*Asks:* 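Dropping the structure in here first, questions after.
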Amino acid sequence: MFVVMTAGASEAEVLGVKSRILAEGLTPFDHQDADHVVIAVVGEIGARKPDLLEHFAAMPGVDRVNPISRPFKLTSREFHPEDTVIRVLDAVIGDGSLTVMAGPCSVESREQLFETADAVKAAGATILRGGAFKPRTSPYAFQGLGVEALRYLAEARERTGLPVITEVMEPSQVDIVAEYADILQIGTRNMQNYSLLRDVGRVARPVMLKRGYGATVEEWLMAAEYIVSSGNPNVILCERGIRTFETYTRNTMDLAAVPLLHHLTHLPVIVDPSHATGKRWLVRPLAIGGIAVGADGVMVEVHPDPDKALSDAEQQLTPDQFRSLMEALVPVHEHVRGLHGDPFLAGAATGFGADDGLAKH
Ligand code: PEP
Ligand code: MN
């Protein structure tokens, strides 16, 4: 439930509500929007709900109590209506600009990373990606250069000015990855690794949470809720394809998830057509598709010589293909921005909650 304070509520009245929530063994999270404070009541409320609703509604400074809430609270639009905007060095994610994360699947050497970093920067990428710790299906496949790759990523940031994103696979790696990288990535296989989610919730770095390949949108948002409720509000969601019965593509890219998420949550949404399709020639149309349905950006794998890549050789773009993709994406993004008043695309901003046909919990 959410307690909505009146526009003129005093600090003491807000504190009064929060103390009452704490006294019930629950946790208050407050958010100041344009004109009032909203307090989310988080925890196992159970059968106390009717009594608590009545109690909070009668407290001084309370405008109303909203009992309708989804299982995800802090990540929901109900609690936080305006978009979350994340700033990392010169990159801004979620403000309507086009975020482009590009770079190799795996960091293979300093030269390979620098060559890719220079090329993607020149073509207009805003964030450099590169895997240091690699989650591979086979234990015999290349597992990444580890800390050596983290050092190269930090050097590539110095060289290009681009913030860097890389995956953290386990709790013991969180501190070292956070020391070198600007954004921590949680991979699809770890979306429900709750101890890892809590640990990245405690660091002062944005986190990009990839969708579990078998996860529903609600499970994905609950995973994001772990990070935000642990203290880190800067979460980016990345649709990277889900597993279906289709075998021509590596995964099935769920484009509908993009506007759906913009409706349900204030967090920025990125699409990754590289892992979603697994095929180089499908990356371009799906990247364009992702931006056309309103994604805040794309993540694309780029390698100087994709056929020789140590991982994901079939899906990485050459620098030339990436440049050409950027030339196509920028005007699509400009055009889609101009459509933001369209009620179909702007579902997030309009009519939330009343009749959206989504299950309430
Ligand atoms: C990656 O982006 O390097 C990666 C391994 O992706 P995913 O977790 O989506 O498979
Ligand atoms: Mn990859």
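This is a predicted model, so every value here is computed, not measured. Both ligands and their constituent atoms are indexed starting at 1 by order of listing.
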*Asks:* Going by the atom numbers of ligand 1, which of them fall below 4.0 Å from some non-hydrogen atom of G187?
*Replies:*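 This gives 8 (O) as the contact atoms.
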
*Asks:* Show the numbers, then the answer: is there a salt bridge (Lys or Arg N to Asp or Glu O under 4.0 Å) between E225 and K73?
*Replies:* CA-CA 7 Å; E225 192 81 12; K73 318 269 178 205; over 6 Å; no

*Asks:* Does the residue K134 have a heavy-atom contact with ligand 1, meaning some pair of atoms that are separated by less than 4.0 Å?
*Replies:*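 A heavy atom of K134 does come that close to ligand 1.
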
*Asks:* Indicate the atoms forming the closest heavy-atom contact of D296 with I270, along with that distance.
*Replies:*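 For D296 versus I270, the nearest heavy atoms are C-CD1, 4.1 Å.
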
*Asks:* Just going by heavy-atom distances, which of E301, H275, R250, R240 is nearest to atom 9 (O) of ligand 1?
*Replies:* R240

*Asks:* Taking atom 3 (O) of ligand 1 as the point of reference, which of M169, E167, R129, M101 owns the nearest heavy atom?
*Replies:*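 Looking at heavy atoms only, R129 sits closest to atom 3 (O) of ligand 1.
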
*Asks:* Which N/O/S atom belongs to D312 and is the closest one to the Mn ion (ligand 2)?
*Replies:*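 Closest N, O or S atom of D312 to the Mn ion (ligand 2): OD2.
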
*Asks:* Quick one: closest heavy-atom pair of A91 and I127, and the distance?
*Replies:*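 So the two residues come closest at CB-CG1, 4.0 Å.
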
*Asks:* Provide the number and element of each atom of ligand 1 under 4.0 Å from a heavy atom of R189.
*Replies:* 10 (O)

*Asks:* I'd like to check whether T188 has a polar contact with ligand 1, where a contact means an N/O of the residue lying under 3.5 Å from an N/O of the ligand.
*Replies:* yes

*Asks:* Does atom CD of E44 have more than 12 heavy-atom neighbours, drawn from other residues, nucleotides or ligands, at distances under 6.0 Å?
*Replies:*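 No, CD of E44 has 12 or fewer neighbouring heavy atoms, counting only those of other groups under 6.0 Å.
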
*Asks:* Centre of Y213's six-membered ring, under 6.0 Å away, within 45 degrees of the axis: is that where NZ or CZ of R243 sits?
*Replies:*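 Judged by the rule (NZ or CZ under 6.0 Å from the ring centre, within 45° of its axis), R243 counts as positioned above Y213.
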
*Asks:* What residue and atom, counting heavy atoms only, is the protein's closest point to atom 6 (O) of ligand 1, and at what distance?
*Replies:*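 In this structure, atom 6 (O) of ligand 1 has K210 NZ, 2.9 Å as its nearest protein heavy atom.
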
*Asks:* Name the one of R250, R280, K134 that satisfies side chain to side chain donor-acceptor pair (under 3.5 Å) with D312?
*Replies:*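 With D312 as partner, R250, R280, K134 yield a single side chain to side chain donor-acceptor pair (under 3.5 Å), made by R250.
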
